[in-house]
Amino acid sequence: MPVESDVEAADDGEAAGDGATEPGGEGLPINELFHSLQGEGKLAGVPSVFVRTSGCNLRCWFCDSYHTSWEPTHAWMGIDEIVDEVASHGADHVVLTGGEPLMHEESVDLLERLDDAGYHTTVETNGTIHRDAPVDLASVSPKLASSTPTAERDPKGDGEWAERHEEGRLDLDALAGLVEDYEFQLKFVVTGPDDLPEIEDLVERVREAASVPVRDEDVLLMPEGQTREDLDDTRRTVAELAAERGYRYTPRLHVDLWNDAPGT
Ligand code: SF4
């Protein structure tokens, strides 16, 4: 089973309604810190420590880390404290995730410290922010039109975030910078076959914008679903789409293994 640390997240209430976290804390707003298996992508199955920051500049309706975006909760942790907590779990791989971890300048400090200590670092990002930091794998998950929290799909209100989300969900310059500067994977959450034309179009736009190759095997299709039951509906369809198109399929191991348990 995943091992959670004793990091306690406090409700940040409306203070983070604009996607940021409240000022005044030192270090990083940490929603959770735990040890588990990487569940997605090229490193699926690798034991890793997950450092989940709170706060996101987007609001996908299906967000599987709701308490970092729609209703952010966190405890502030200093960089030393985070590094010590990571070390206590004894893994070689660290996944910095969110929320959107690159919202926070202090994420660069943390990545530098982790790099100095010899960890392999993965950063899970929505691809709208580029920062210069030692990152071993940029796991970039651009958000498709189907992510927008329209009034019908809004988990919290009546679509108040839809316009802002739609305006902010793609930044080709940031995407190209991430692809050029780091080893990367482009990971798409797929709700069904209707998403494929948009994915193909976006991959082509990234190829045109970036000065490095984006291979089909760098493009990962991941089924949308936060529970095993959800994945039962989407997993096979998405796997078949990946096989047909020559992209890579990625499972959601943590959902398959632990369903929707927190800290996985
Ligand atoms: S970008 Fe990621 S963390 Fe932010 S709302 Fe979307 S799924 Fe959630």
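Every number for a ligand or one of its atoms is a count from 1 in the order of the listing.
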Whether over 12 other heavy atoms sit under 6.0 Å from Asp132 CG: no
Salt-bridge contact Arg113-Asp80 (side-chain N to carboxylate O under 4.0 Å): yes
Contacting atoms of ligand 1, where contact means under 4.0 angstrom from a heavy atom of Asn126: 1 (S)
Value rounded to 0.5 Å, distance of OG1 in Thr250 from CG in Leu221: 9.5 Å
Identity and distance of the protein heavy atom lying nearest atom 8 (Fe) of ligand 1: Cys63 SG, 2.3 Å
Close-contact set for ligand 1 against Leu58 heavy atoms, below 4.0 Å: 5 (S)
Glu217 with Arg248: basic N within carboxylate O range, under 4.0 Å: no
Atom indices of ligand 1 within 4.0 angstrom of Gly99 heavy atoms, with elements: 3 (S)
Atom 6 (Fe) of ligand 1 reached by Cys60 (N, O or S, under 2.8 Å): yes
Ligand 1 versus Lys143: contacting region, heavy-atom distance under 4.0 Å: side chain
Heavy-atom pair of closest approach, residues Glu106 and Gly27: CG-O, 3.4 Å
Whether Glu100 lies under 4.0 Å from ligand 1, heavy atom: no
Side-chain heavy-atom pair Phe50, His35 within 4.5 angstrom cut-off: no
Cys56 backbone or side-chain N/O/S under 2.8 Å from atom 8 (Fe) of ligand 1: no
Lys/Arg-Asp/Glu bridge criterion (N-O < 4.0 Å) met for Glu183, Lys42: no
Ligand 1 contact on Ser65 by region, counting heavy-atom pairs under 4.0 Å: side chain
